[in-house]
**Student:** 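Can you keep this structure in mind? I'll have questions shortly.
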Amino acid sequence: AKKKKKKSKRKVQMTEENQFMQEAELIEIVENQLEDGNPLKVKETLMRLMMTGTPREEAVAMMACAMSIEIFDVMKNEGEFNLKRYCEHLEQLPDLSFMEGE
């Protein structure tokens with residue numbers, strides 16, 4: 001019997017091929033922000049969406065969309081995280097039209 005080679009888990013390189021993070025990773029970032037209460041806008045957005053009838057899971061997924069734009073921008077342009085724009089996008093939810101420009 002041949003031994004199967006163990007796949008080495010390499011740290012994900014921020015390359016062009018990998019510019020779109022997995023949704024699960026984005027959701028994890030948003031969940032961490034909720035836990036930390038930072039930025040506060042994340043918690044406010046979740047509460048607002050849930051109060052207007054959006055299920056929590058869906059609300060977090062929408063917030064992950066807003067996060068994806070910022071992560072993509074940081075990776076593509078090696079810029080800084082644009083907190084102001086991220087908060088503006090969170091305010092627009094559940095309207096995801098800001099995604100169309102990307």
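No experiment lies behind these values; they were computed from the predicted model shown.
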**Student:** What distance do E28 atom CD and E35 atom CD have between them, rounded to the nearest 0.5 Å?
**Tutor:** 10.0 Å

**Student:** Would you kindly confirm whether M63 and L40 end up in one hydrophobic cluster when ILVMFWY residues are joined by side chain heavy atoms under 4.5 Å apart?
**Tutor:**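 In one cluster: no.
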
**Student:** Specify the closest pair of heavy atoms between A64 and I27, including all atoms of both residues, with the distance to one decimal.
**Tutor:** CB-CG1, 3.9 Å

**Student:** Calculate, to the nearest 0.5 Å, the distance between atoms CD and CG belonging to Q33 and L90 respectively.
**Tutor:**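 So the CD of Q33 and the CG of L90 are separated by 8.0 Å.
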
**Student:** What's the shortest heavy-atom distance between R48 and P94, and which atoms?
**Tutor:**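 Closest approach of R48 to P94: NH1-CD, 4.3 Å.
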
**Student:** Is it true that a side-chain atom of E58 and a backbone atom of P55 form a donor plus acceptor pair closer than 3.5 Å?
**Tutor:** no

**Student:** Same hydrophobic cluster for Y86 and V74, using side-chain heavy-atom links shorter than 4.5 Å among ILVMFWY?
**Tutor:** yes

**Student:** Would you say the side chain of C65 lies within less than 4.5 Å of the side chain of H89, judging by non-hydrogen atoms?
**Tutor:** no

**Student:** With a 4.5 Å cut-off on side-chain heavy-atom distances among I, L, V, M, F, W and Y, is there a chain of contacts connecting M47 to V30?
**Tutor:** no

**Student:** Any carboxylate oxygen within less than 4.0 angstrom of a Lys/Arg side-chain nitrogen, looking at R56 and E31?
**Tutor:**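 Answer for the salt bridge query: yes.
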
**Student:** Looking at S97, is its backbone amide N or carbonyl O close enough to the side chain of D95 to form a donor-acceptor pair, meaning the two atoms are under 3.5 Å apart?
**Tutor:** yes

**Student:** How many angstroms lie between OG in S68 and CD in E25, if you round to the nearest 0.5 Å?
**Tutor:** 12.5 Å

**Student:** Taking all non-hydrogen atoms of both residues into account, name the closest pair between L96 and L93 and its distance.
**Tutor:**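 Nearest heavy atoms, L96 then L93: CD2-CD2, 3.4 Å.
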
**Student:** What do you reckon, is CD of E88 surrounded by more than 12 foreign heavy atoms closer than 6.0 Å?
**Tutor:**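 Buried by this count: over 12 neighbours within 6.0 Å.
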
**Student:** Side chains of V60 and L34: does their closest heavy-atom pair fall under 4.5 Å?
**Tutor:**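 Answer yes - side chains close enough.
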
**Student:** If you measure from CD on E57 to CE on M62, what distance do you get to the nearest 0.5 Å?
**Tutor:**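 Output value for this atom pair is 11.5 Å.
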
